[in-house]
Trainee: 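The structure that follows is given in the form of structure tokens.
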Amino acid sequence: MLIILLGPPGAGKGTQAESIVKDYSLVYISTGDILRAAVKEDKELGRKAKHYMDQGSLVPDELVVEIVKDRLKDPDCQNGALFDGFPRTVEQAKFLDEALPEIGSMVDGVLLIEVDEDELIERLTGRRVCSKCNAVYHLKFNPPEVRNVCDQCGGDLYQRDDDSIETVKERLEVYKKQTGPLISFYKDKNVLYPVDGNEDISSVYKKIKAVLDKL
Ligand code: ADP
Ligand code: AMP
């Protein structure tokens, strides 16, 4: 099964992905996580991408497509994958359409998680992420048991550089302009499943499960 999580920054894609990959045994592919790891390790990819990420812009399609091409070559992707944060432009979606038949796969469903803008801003500015395992927390909505310590692996939590209020506003604009067109792209292919993401984490997951169980 190949599933795409679509939705604005802060919609809860990464949070819901943690449960989806466990319950459906899917390989998790987050281009954001891959890019942040490349920045942290000072790889060439990270050096090329950092400037765009800091500004809240999209990293150029060529770079992102290369990352996904490489990842799809790994044998674990043969059994299906969950994409988070990819594709983010129509160009990237077209690339995926061409690449998937090569691994005998196709897009089974695109879950569009929709959340009101005020809520997105509150979620993003209060987000904390584990520096070791990338688990996602929120100061108010999903705090760890011990302050600043990951429940799952004991790693330190940090605030992403691009979760400042100025960059968050830019990222929301970028989503509307550059990623928004993917909604009709996938609707036209009859694989789009909108989910109201405004409710609490477990209620949203129940709705996602209801969609995935029917695919
Ligand atoms: P995305 O991957 O779509 O950018 P995240 O999963 O990182 O979003 O979630 C953004 C922030 O909102 C995190 O701090 C997360 O803990 C919190 N969050 C996620 N889903 C919900 C929800 N349904 N209700 C409240 N907070 C949420
Ligand atoms: P995310 O972790 O999904 O919020 O992504 C963080 C940042 O990484 C984005 O603001 C972009 O700068 C970059 N990024 C992640 N995925 C993509 C993508 N598919 N296309 C372009 N840029 C991306």
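Start at 1 and go down the list; that is how both ligands and their atoms are numbered.
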Trainee: Could you tell me whether Arg71 and Asp76 have a side-chain N and a carboxylate O separated by less than 4.0 Å?
Mentor: yes
Trainee: Looking only at non-hydrogen atoms, which of Phe141, Tyr175, Tyr137 approaches atom 16 (O) of ligand 1 most closely?
Mentor: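 Among Phe141, Tyr175, Tyr137, the closest heavy atom to atom 16 (O) of ligand 1 comes from Tyr137.
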Trainee: Return yes when Arg160 approaches ligand 2 closer than 4.0 angstrom through a heavy atom, no otherwise.
Mentor: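 Contact present.
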Trainee: Would you mind finding which of Asn198, Thr15, Asp163, Val129 brings a heavy atom closest to atom 5 (P) of ligand 1?
Mentor: Thr15
Trainee: At what distance, to the nearest 0.5 angstrom, does NZ of Lys13 lie from CD1 of Ile208?
Mentor: 11.0 Å
Trainee: Show the atoms of ligand 2 that are less than 4.0 angstrom away from any heavy atom in Arg171.
Mentor: 4 (O)
Trainee: Using a 4.0 Å heavy-atom cut-off, say whether Gln16 meets ligand 1 through its side chain, its backbone, both or neither.
Mentor: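 It is neither; nothing of Gln16 touches ligand 1.
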Trainee: Name the one of Arg36, Arg128, Lys169, Arg171 that satisfies salt bridge (charged side-chain N to carboxylate O under 4.0 Å, His left out) with Asp163?
Mentor: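 Among Arg36, Arg128, Lys169, Arg171, the one meeting salt bridge (charged side-chain N to carboxylate O under 4.0 Å, His left out) with Asp163 is Arg171.
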Trainee: Strictly under 4.0 Å, does any heavy atom of Gln55 approach an atom of ligand 2?
Mentor: no
Trainee: At a 4.0 Å threshold, what atoms of ligand 2 neighbour a non-hydrogen atom of Val64?
Mentor: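 Listed by number with element, the hits are 18 (C), 19 (N), 20 (N), 21 (C).
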Trainee: Between Asp151 (side chain only) and Glu145 (backbone N and O only), is there a donor and an acceptor less than 3.5 Å apart?
Mentor: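 Yes; at least one donor-acceptor contact below 3.5 Å.
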Trainee: Checking a contact table here: which protein heavy atom is nearest atom 21 (C) of ligand 1, and how many Å away?
Mentor: Ile201 CG1, 3.4 Å
Trainee: Considering heavy atoms of the protein only, find what lies nearest to atom 7 (O) of ligand 1 and give residue, atom and distance to 0.1 Å.
Mentor: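 Among all protein heavy atoms, the one nearest atom 7 (O) of ligand 1 is Arg127 NH1, 2.6 Å.
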Trainee: Indicate yes or no: does an N/O atom of Lys13 lie under 3.5 Å from an N/O atom of ligand 1?
Mentor: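 Yes.
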Trainee: Which residue and non-hydrogen atom of the protein lie closest to atom 12 (O) of ligand 1, and at what distance in Å?
Mentor: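 Result for atom 12 (O) of ligand 1: Arg123 CB, 3.2 Å.
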Trainee: Atom 5 (O) of ligand 2: which protein heavy atom is closest, and how many Å away?
Mentor: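 It is Arg88 NH2, 3.4 Å.
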Trainee: I need the Asn142 CG to Ile201 CD1 distance, nearest 0.5 Å.
Mentor: 4.0 Å
Trainee: Going by atom types alone, do Tyr205 and Asp23 pair a side-chain donor with an acceptor below 3.5 Å?
Mentor: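 A pair is found: one side chain offers a donor N or O, the other an acceptor, under 3.5 Å apart.
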Trainee: State whether a side-chain donor-acceptor pair under 3.5 Å links Tyr24 with Asp213.
Mentor: yes
Trainee: Considering only non-hydrogen protein atoms, determine which one is nearest to atom 2 (O) of ligand 1 and report residue, atom name and distance to 0.1 Å.
Mentor: Gly14 N, 2.9 Å
Trainee: Would one find more than 12 heavy atoms of other residues, nucleotides or ligands at under 6.0 Å from atom CG of Asp118?
Mentor: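 No - once you tally the heavy atoms of other residues, nucleotides and ligands closer than 6.0 Å, there are 12 at most.
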Trainee: Around atom 14 (N) of ligand 2, find the nearest protein heavy atom and jot down its residue, atom name and distance.
Mentor: Leu35 CD1, 3.5 Å
Trainee: Just to check, does Gly10 reach to within less than 4.0 Å of ligand 1 when the distance is taken from its heavy atoms?
Mentor: yes
Trainee: What's the shortest distance from atom 22 (N) of ligand 2 to any protein heavy atom, and which residue and atom give it?
Mentor: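 Nearest protein contact, heavy atoms only, for atom 22 (N) of ligand 2 is Val59 N, 3.0 Å.
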Trainee: Check the surroundings of atom NZ in Lys209: do more than 12 heavy atoms from other residues, nucleotides or ligands lie under 6.0 Å from it?
Mentor: yes
Trainee: Could you go through Glu44 and Lys48, starting from their C-alpha distance and side-chain angles, then the distance that decides it, and tell me whether this counts as side-chain contact (heavy atoms from CB on, under 4.5 Å)?
Mentor: CA-CA 6 Å; Glu44 194 190 341; Lys48 286 183 182 159; 3.2 Å; yes
Trainee: In the protein, which heavy atom is nearest to atom 8 (O) of ligand 1, and how far is it?
Mentor: Gly12 N, 3.1 Å
Trainee: Can you report which non-hydrogen protein atom sits closest to atom 16 (N) of ligand 2, along with the distance?
Mentor: Thr31 OG1, 2.8 Å
Trainee: Closer than 4.0 Å to some heavy atom of Ala11 - which atoms of ligand 1 meet that?
Mentor: 3 (O), 8 (O)
Trainee: Is there any N or O on Asp162 that sits under 3.5 Å from an N or O of ligand 2?
Mentor: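 No, there is no polar N/O contact under 3.5 Å.
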Trainee: Any Lys/Arg nitrogen of Glu117 or Lys176 sitting under 4.0 Å from an Asp/Glu carboxylate oxygen of the other?
Mentor: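 Counted as a salt bridge, because a side-chain N and a carboxylate O are separated by less than 4.0 Å.
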Trainee: Taking the hydrophobic residues Ile, Leu, Val, Met, Phe, Trp and Tyr, and joining any pair whose side-chain heavy atoms are under 4.5 Å apart, which ones share a cluster with Phe141?
Mentor: none
Trainee: Have a look at Val59 and tell me which of Leu45, Thr31, Val64 forms a side chain to side chain contact (heavy atoms under 4.5 Å, CB included) with it.
Mentor: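 For Val59, the side chain to side chain contact (heavy atoms under 4.5 Å, CB included) test succeeds with only one of Leu45, Thr31, Val64, which is Val64.
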Trainee: Kindly identify the option in Ser57, Pro8, Ser30, Gly32 whose heavy atom sits closest to atom 11 (C) of ligand 2.
Mentor: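 When every heavy atom of Ser57, Pro8, Ser30, Gly32 is considered, Ser57 comes closest to atom 11 (C) of ligand 2.
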Trainee: I'd like to know if Val191 and Ile20 are part of one continuous hydrophobic network [Ile/Leu/Val/Met/Phe/Trp/Tyr, side-chain heavy atoms within less than 4.5 Å].
Mentor: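 In one cluster: no.
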Trainee: Taking non-hydrogen atoms only, is Leu58 closer than 4.0 angstrom to ligand 2 via side chain, backbone, both or neither?
Mentor: both
Trainee: Considering only non-hydrogen protein atoms, determine which one is nearest to atom 8 (O) of ligand 2 and report residue, atom name and distance to 0.1 Å.
Mentor: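 That would be Met53 CE, 3.6 Å.
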Trainee: side-chain contact (heavy atoms from CB on, under 4.5 Å) between Phe83 and Leu2: does it pass, once the steps are laid out?
Mentor: CA-CA 8 Å; Phe83 279 104; Leu2 198 132; 4.0 Å; yes
Trainee: Mark up the atoms of ligand 1 that fall under 4.0 Å of a heavy atom belonging to Asp200, in ascending order.
Mentor: 23 (N)
Trainee: What atoms of ligand 2 come within less than 4.0 Å of a heavy atom belonging to Gln92?
Mentor: 18 (C), 19 (N), 20 (N), 21 (C)
Trainee: Among all protein heavy atoms, pick the one closest to atom 23 (N) of ligand 1 and tell me residue, atom and distance.
Mentor: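 Scanning the protein heavy atoms, the shortest distance from atom 23 (N) of ligand 1 goes to Glu199 O, 2.7 Å.
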